[in-house]
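This report concerns only the one structure given below.
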Protein chains: 2
Amino acid sequence: MVTIYDVAKTAGVSIATVSKVLNNTGRISEKTRKKVLCVVKNLDYQPNIMASALMGKKTKTIGLLIPDLANPFFSELARNIEDSAQELGYSLFICSTDYLSEKEHKYISLLRQKNVDGFILASGFEDLQKVEDLIKEDIPVSIVARDFPMFPVNTVAVDDFIGGYQATSYLINLGHENIGIIARDVWSNRERFRGYKQALEENNLKVPSYFEYAEESNIIWGKRITNKYLKHDHAPTAIFACNDLLTIGAIQAAKENGLIVPEQLSVVGFDDTAIATIVDPPLTTIAQPIQVMGREVMKLMIDMIENQKMDKIRVTLMPELVERKSTAKIKREVTS
Amino acid sequence: MVTIYDVAKTAGVSIATVSKVLNNTGRISEKTRKKVLCVVKNLDYQPNIMASALMGKKTKTIGLLIPDLANPFFSELARNIEDSAQELGYSLFICSTDYLSEKEHKYISLLRQKNVDGFILASGFEDLQKVEDLIKEDIPVSIVARDFPMFPVNTVAVDDFIGGYQATSYLINLGHENIGIIARDVWSNRERFRGYKQALEENNLKVPSYFEYAEESNIIWGKRITNKYLKHDHAPTAIFACNDLLTIGAIQAAKENGLIVPEQLSVVGFDDTAIATIVDPPLTTIAQPIQVMGREVMKLMIDMIENQKMDKIRVTLMPELVERKSTAKIKREVTS
DNA sequence: GTGAAAGCGCTAACAG
DNA sequence: CTGTTAGCGCTTTCAC
């Protein structure tokens, strides 16, 4: 390992001088700066980040907490955040918390020990305490893809309420009057639910009485809830599912029940991850601008880390309905 | 930030003593050990890893290089590696290299600066130089999900040759005689190709003359190559695609050409990621034991990092064909 | 058993 | 302009 001492020695200067040229601090003659830089290159010297971190410098490292890296939405989000981070010279610790606050706490203290410059939380946990602690200790925190409404913290998220409203309105315009929803009992889904309800009410429609929450956001639960809904007398003719995985489960349940999507059951999803286009039929879904989200949240982080910008802002992105093949105009039954 | 000095002071001992009880080194009386531990707990003291890293200790940090976090195979692999890592108290820097050796080099030197304890490479790059350098400098390296045949380095991978052989044999048993392959020109795919060729030759079958490599492992290229194959006089009745994404592309191309999968075109994939079950029809595919791969590669890393185990071993896992609905017995044309 | 002191590689006053 | 020096928080001899 080549250290600052090696550079200093072979350049014939002191380590202070080397440090100064490397950090662009103090005043250095052009001649020595050239020489030092040259030696640095020749020796392929890389400053030890641990050592400079000890002196209170940044580590150029950010902790990213997400619920599950194997979930396409979060892996795509992580990928976009990573791209922004990499451009800015930051590395990412990526951690999956499985929506468990226990794991979140563990990861947060683990990463704090490792002197991360800040945290990006997409973690979906409802427990604000840990976040408040971080903010109190002036550790940069940004929230992405979820929202803490009454909480001063940097946030970038899609407008879930509008997303739910869009999805539902679209279905209503298609002629559906009996629209089910599949959601988990987490903040973002509750907002989408509100939007759904709002659209319903504006059209004098109601949430089906048999509504129930899914316990996890996966295909299994999408299928399970849909199967239950389909068993009822007034089974829905359309379903709004709060993410693409749930939507796929809904389609699978429909198939099992002998229903053709979209002719006999319309479904609209949420997220627009890569899988939305590979299922059959491809999903009509509410697209989250994942790439923009990644970029914006990194921008906020950098502002906090490098520019000490400590005022909190909230970036709200607009979701967008993308029409594909999982929805259709309702066909009236002969009996009606 | 509470330091070792704070602990020492309130426990009424020296920092050396605190360090000793925390690291279980030297000899400490049961009484002082108790006291120190108690103070540590009360103050919620967490040793600063940067500082101990400076003294030559491990950072409990590993760099994981993969081609693309948004690719389901790699995000699932990363997730499994992360789980093992987390159990062992390690954090992961996850980096996507896009198969670009330039990015790989950049990430490797960036992470070296950050004193990672080792590297797990799933990166799919063909350039061995950087890996050799790392090994020469005694930096633990393990390769996963790809293979460097003539190179002393810890490796865990599936037997790609056998996988290709299995897929092709299965298709042959179904009666197919005209079997195409979709592959990229990378090591693992070339091995699968070898297996495919072997199975073909054992049955006096040949690789179609119109074979060509895909340039990327995604749906687009799967579709593109399949479209080309389907245009030929002796279009294949079955296709073995070297990953699930390519397979999905093949299915899409078939649909566009008015062919029904599997009745008119059988396809078998590779990987068995989550998406294999959500497409229609669900994929018959060669399953890689992703979870085992993650666990095994972390085991190798830990052996190198914590037990200085420097002899290199290769763990070869067996792939397994899982039958679903994308393949069928061939129907002879009336003309034959 | 315990503590004083040196030093890991680096930055930041402060002198000169 | 450049170098000396004092730490950052920790581990590790080596005395006591």
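Sequence lines set the chain letters: A, B, ... in the order given, protein chains first and strands last, and positions in each chain run from 1.
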Protein-proximity profile, nucleotides 5-13 of chain D, B/S/- by nucleotide at the 4.0 Å heavy-atom cutoff, equals --BBBBBB-
Between P of dC8(C) and CG of D6(A), the distance in whole Å:
11 Å
For the helix from dG1(C)-dC16(D) to dG16(C)-dC1(D), what is the angle between the axes at its two ends, each from 5 pairs, rounded to 10°?
40°
Tell me the interatomic distance from N24(A), atom CG, to dC10(C), atom C1', rounded to whole angstroms.
16 Å
E306(B)/K58(B) salt bridge by N-O under 4.0 Å criterion
no
Between P of dC10(C) and NZ of K114(B), the distance in whole Å
16 Å
From the list V144(B), V131(B), L64(B), V297(B), side-chain contact (heavy atoms from CB on, under 4.5 Å) with L121(B) holds only for V131(B)
Let me know the distance between NZ of K9(A) and C1' of dG9(C), rounded to the nearest Å.
14 Å
For Y107(A), enumerate each residue passing the ring pair (Phe, Tyr, Trp, His ring centres under 6.0 Å) test, keeping only those at least two apart in sequence or located in another chain.
none
Going by side-chain contact (heavy atoms from CB on, under 4.5 Å), I4(B) matches just one of N48(B), V18(B), V40(B). Which one?
V18(B)
Using atom types as modelled, flag every donor-acceptor pair under 3.5 Å from a side chain in residues 22-29 of chain B to any protein atom, sequence neighbours excluded.
{"unit_1": "N23(B)", "atom_1": "ND2", "unit_2": "S19(B)", "atom_2": "O", "d": "2.8"}
{"unit_1": "N23(B)", "atom_1": "ND2", "unit_2": "S19(B)", "atom_2": "OG", "d": "3.3"}
{"unit_1": "N24(B)", "atom_1": "OD1", "unit_2": "R33(B)", "atom_2": "NH2", "d": "2.8"}
{"unit_1": "S29(B)", "atom_1": "OG", "unit_2": "T32(B)", "atom_2": "N", "d": "3.2"}
{"unit_1": "S29(B)", "atom_1": "OG", "unit_2": "T32(B)", "atom_2": "OG1", "d": "3.0"}

Please name all residues satisfying side chain to side chain donor-acceptor pair (under 3.5 Å) with S14(A), sequence neighbours left out, ordered by chain then number.
T17(A)
Name all residues meeting the side chain to side chain donor-acceptor pair (under 3.5 Å) criterion together with R184(A); count only those two or more places apart in sequence or in a different chain, and write none if there are none.
none
Taking the basic N atoms (NZ, or NE/NH1/NH2) and the acidic carboxylate oxygens, is any pair closer than 4.0 Å for D83(B) and R79(B)?
yes
Do any side-chain nitrogens or oxygens of T17(A) fall under 4.0 Å of OP1 or OP2 in dT2(D)?
no
